[in-house]
Undergrad: 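The structure follows.
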Amino acid sequence: MSAPRIGVIGGGQLARMMQPAAVNLGLHLRVLAQSPTDSAAQVIPDTVIGAHDDLEALKRFAAECDIITFDHEHVPTEYLAELQAMGVAVRPGPHALQYAQDKLKMRHVLTQAGVPCPQWAQLHTPEDLDAFAEKVGWPLVLKTARGGYDGKGVWVIDNRDHALEVMERIVESGTEILAEECVPFIRELAAQVARSPHGQCVAYPVVQSTQTHGICHEVISPCPDLDDVRAAQAQEIALSIAQLLDVTGMLAVELFDTGDRIVVNELAMRPHNSGHWSMDGAVTSQFENHLRAIADYPLGSPAPKAPVTIMVNLLGGDLGDLHSAFRHVMARDPQIKVHLYGKDVKPGRKIGHVNLLGDNLSDLRERAWHAANYLTGVIDE
Ligand code: ADP
């Protein structure tokens, strides 16, 4: 049996980080990237330049692949159905992916299945807004159903006039309006699972993720002080969603923990920032398990290698001379693992991350943040 040819649509850092896992598994990756300078295009020799929303480009790309997977969730599902009709395996398939693309569809399907969600409604008119505000009070949250990322497309709103203004803006952008109660969470969690077409699943430890201005900044695995019952509940939610929606590959379920309940925020059907810790901290990284899952190979152990792993994102700042910063970080702490994405530095842009594993959280935290702050020019000693 020859190894399947795997095509990744999208040339971002997630596709880039699949490449070392593919090399180790002897799998051939090709990528459909926007530009030869894209993060993944720099490291995957078999790069094809094309747009993810150009059907002809997708078909030409897919004709040379056995399996298609994704760096992002923006490919129109009707195009994916056409690729399936050509006989290419699309993993995750368009039927699953629609729920990661459209937050209203996601709320419908999860509510119907009894999965705990924040209170929500679709809004069309000012009267819909008034009725929902009456039910959940202010502040409330408005979201674009489609196209949001890293907090763009999410507004926490405390008055009617602002809400009406945002509703208008969402409609003008050509999408629909999802309203949610503003969940009084004490922390955000993520539960990740891998699922293969055979239906084999593995669940990673539930992590705590902390955002800065809507962008993931720090992940701690496993989530500190999360009791076993609630950790198992979060894993159970992720496993049941993977099964319910027939997800193949990695699924990340972002959750809110209010202290007495856990509710689903959103879904990602691909490797996810909340799983980057696993590159150094788990027996099998999320990138390897994503490839194993889509190739329908037996899945690898998601077990942690140490009591705690911390990941801190490098959010582009004033990097200065990266390589001299590297020397300092490497010399100061030989345990630190640095991962860079080959991206130009822009304020707030994810350009890499650091991982550190061990057994003392406060010590790991101090060291990982020192490295991240030094590398992004926040501190210089
Ligand atoms: P994105 O698709 O941009 O990642 P999310 O739906 O994950 O958007 O929301 C981004 C952030 O906004 C969340 O991480 C959370 O901090 C906040 N948020 C989203 N929905 C709610 C909600 N219903 N209640 C309170 N905060 C929310």
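For ligands, and for the atoms within them, numbers begin at 1 and follow the listed sequence.
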Undergrad: My understanding is that only residues two or more places apart in sequence, or in another chain, count here; which of them pass side chain to side chain contact (heavy atoms under 4.5 Å, CB included) with V308?
TA: I220, L361, L364
Undergrad: Taking the six-membered ring for Trp, is the centroid-to-centroid distance between H276 and H339 below 6.0 Å?
TA: no
Undergrad: Show me, by chain and number, every protein residue that has a heavy-atom distance under 4.0 Å to ligand 1.
TA: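 Near ligand 1, by chain and number: K103, V141, K143, G148, Y149, D150, G151, K152, V154, E180, E181, C182, V183, F185, E188, Q211, E254, F256, N265, E266.
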Undergrad: With T210, which residues qualify under side-chain hydrogen bond (donor to acceptor under 3.5 Å, both in side chains), at least two apart?
TA: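 Partners of T210 under the side-chain hydrogen bond (donor to acceptor under 3.5 Å, both in side chains) test: none.
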Undergrad: So if I apply the side chain to side chain donor-acceptor pair (under 3.5 Å) rule between Y341 and each of R349, Q42, H353, Q13, which one comes out positive?
TA: H353
Undergrad: Can you find a pair of side-chain heavy atoms, one from L58 and one from R60, that are under 4.5 Å apart?
TA: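 Side chain of L58 against side chain of R60, heavy atoms only: no contact under 4.5 Å found.
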Undergrad: Should side-chain heavy atoms under 4.5 Å link Ile, Leu, Val, Met, Phe, Trp and Tyr, which residues sit in the same cluster as V229?
TA: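 In the cluster with V229 there is nothing else; it is isolated.
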